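In what follows, a structure is listed as structure tokens, so that the remarks can point back to it.
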2 protein chains.
Amino acid sequence: MAGEERRLQILAVAVSLFSARGFRGTTTKEIAQAAGVSEAMVFRHFATKEELYAAILDHKACASVDKFEPAETAREAISRKDDRSVFEGLALGALEHHQHDPDFQRLLLYSALEKHELAQMFFDRFVLRVYEFLGSYISERQRDGAFVEVDPAIVVRSFIGMVMHHSLNNNLWDPTRRLLNISNEVAAKNFTDILLNGITTPTSNPNSRRNVQSGNGSRNKQTKE
Amino acid sequence: MAGEERRLQILAVAVSLFSARGFRGTTTKEIAQAAGVSEAMVFRHFATKEELYAAILDHKACASVDKFEPAETAREAISRKDDRSVFEGLALGALEHHQHDPDFQRLLLYSALEKHELAQMFFDRFVLRVYEFLGSYISERQRDGAFVEVDPAIVVRSFIGMVMHHSLNNNLWDPTRRLLNISNEVAAKNFTDILLNGITTPTSNPNSRRNVQSGNGSRNKQTKE
DNA sequence: GTCTATAAATAGATAGAC
DNA sequence: GTCTATCTATTTATAGAC
């Protein structure tokens, strides 16, 4: 097998093993066996185990960043100020990504727990940008009077929390979907519904929407019905 | 040092090491050194490294379950049907727990990634119950007409997602709070606000609240203003 | 490009003295 | 209860033949 081809093959099996067992939990021997070569071959393509791991994280992180960067549908929805499309589209994209490539989330978690520098780099280069990106849209919609006045970062944290935690459950704790078995489309729609509209019915709660009116809040009764 | 005392000391340092480096990332030698004893002492109290790890997970999981089980304030708020108190109280409790004991979340994540059986046991004995507990309350409030008709499990997933993901950010990726620096109280309040009320202002979105009216939905225009 | 053989260090775990 | 010394297996990594 040609050099580059072999390198990619080793990389591929290593992704699967590192994501399943973590850095310290995976041995170079296992990687070599899974690739059907000797350990010496692994070290021919990657000087150290650490270098192999870094190559994987780098590849996964960059691929993920690139995949998000366009987010054409998101930008288009933003330009139309179509809130539902913005959030639902981003959620669906993330959920599909996590479902299609569960190794990605596991690698990210393992590397974060193990405090690998590339985990922090991914956070700086990807998560930070998402917060800026989404946060600035939320700010804009607040200026429009469409969203209530609340720290945009909290809104981003909340929404990403719903989405990421759902994927985490599906990939990590509840792969058989005992707790909640819904399609990504339904999940994205419901998370967006909750973020935008909440779950309280309009008439049921006298304190509802109290964040909206800044000047006439005194009309809202604090006592229960 | 007396037997039981020594045992607890080893357990304590092992918690800190296992939570920092995971099972495979922690050596019995390190544990012994951190406890100021020889490796032989570790194996005197715990037959194998695995047994020590299981003792830790078991202890942490049981302590956590016990701590939640009362949840007196939650039950009291539920009996009053004080939605805000129910969710805000549970969120604050979890956030405080995670902040006060960051090892707990790391151990849980590591053990889940490493597919340790006790991780699954914790899920079955704790997470499952929370879903039942909160889910049945949500169902009740839906029958009251206070909450919109949506799968209660999705609501639970959403809310737990906000809370857990926030703790995860604070403990794992952003301990310096670059992205979002708020107290647990503010976080719990805001997550609850979003869950109950959403972020859209009442007048801004013609599609808003469309889940509520089951019979007269045709009045809602689908076109944008 | 691929292998076998092996080095060097470290892992988990035990024996036996005090 | 505690230690030192040690065993055995495994781990990362290298040397050198083909």
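Chain letters run A, B, ... following the sequence lines, proteins first, then strands; residues in each count from 1. Bear in mind the structure is a predicted one, so any value in this text is a computation, not a measurement.
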Whole-Å distance, L52(B) CG to dA11(C) P, equals 16 Å
- Task: Tell me yes or no: between the side chains of R7(B) and H45(B), is some donor less than 3.5 Å from an acceptor?
- Result: no
note: M41(B), atom CE; dT4(D), atom C1'; distance rounded to Å ~ 14 Å
Separation of dT14(D) atom C1' from E51(A) atom CD, nearest Å, is 15 Å
- Item | Sugar-phosphate only, base, or nothing, as touched by R6(A) at under 4.0 Å among non-hydrogen atoms | sugar-phosphate
Sequence neighbours excluded and cut-off under 3.5 Å, please list the side-chain donor-acceptor pairs for residues 132-139 of chain B, or say none.
unit_1: S136(B); atom_1: OG; unit_2: E132(B); atom_2: O; d: 3.4
unit_1: S136(B); atom_1: OG; unit_2: F133(B); atom_2: O; d: 3.1
unit_1: Y137(B); atom_1: OH; unit_2: D83(B); atom_2: OD1; d: 2.4
unit_1: S139(B); atom_1: OG; unit_2: G135(B); atom_2: O; d: 3.2

- Query: Does the pair R106(B)/D101(B) count as a salt bridge with the N-to-O cut at 4.0 Å?
  - Reply: no
Here the distance between atom C1' of dT11(D) and atom NZ of K49(A), to the nearest Å, is 8 Å
Can a side-chain donor-acceptor contact be found between R21(B) and Y110(B) if the only test is distance below 3.5 angstrom?
no
For residues 91-100 of chain B, please give each side-chain donor-acceptor pair under 3.5 Å, one per line with the distance, not counting sequence neighbours.
unit_1: E96(B); atom_1: OE2; unit_2: N184(B); atom_2: ND2; d: 3.2
unit_1: H98(B); atom_1: ND1; unit_2: A94(B); atom_2: O; d: 3.2
unit_1: H98(B); atom_1: ND1; unit_2: S167(B); atom_2: OG; d: 2.9
unit_1: Q99(B); atom_1: OE1; unit_2: N184(B); atom_2: ND2; d: 2.8

Closest to the side chain of F43(B), out of dT2(D), dT4(C), dG12(C), is dG12(C)
Margin query: Within a 6.0 Å radius of atom CZ on R178(A), are there more than 12 heavy atoms belonging to other residues, nucleotides or ligands?
Written below: yes
Taken to the nearest whole Å, CE/M1(A) to C1'/dC3(C) is 16 Å
To the nearest angstrom, the CD1-P distance between I10(B) and dA13(C) comes to 14 Å
Expected list for residues 19-35 of chain B near DNA chain C, using heavy atoms below 4.0 Å, is T26(B), T27(B), T28(B)
Rounded to whole Å, the CD-C1' distance (Q9(A) to dG1(C)) equals 13 Å
To the nearest angstrom, the CD-P distance between E39(B) and dT6(D) comes to 15 Å
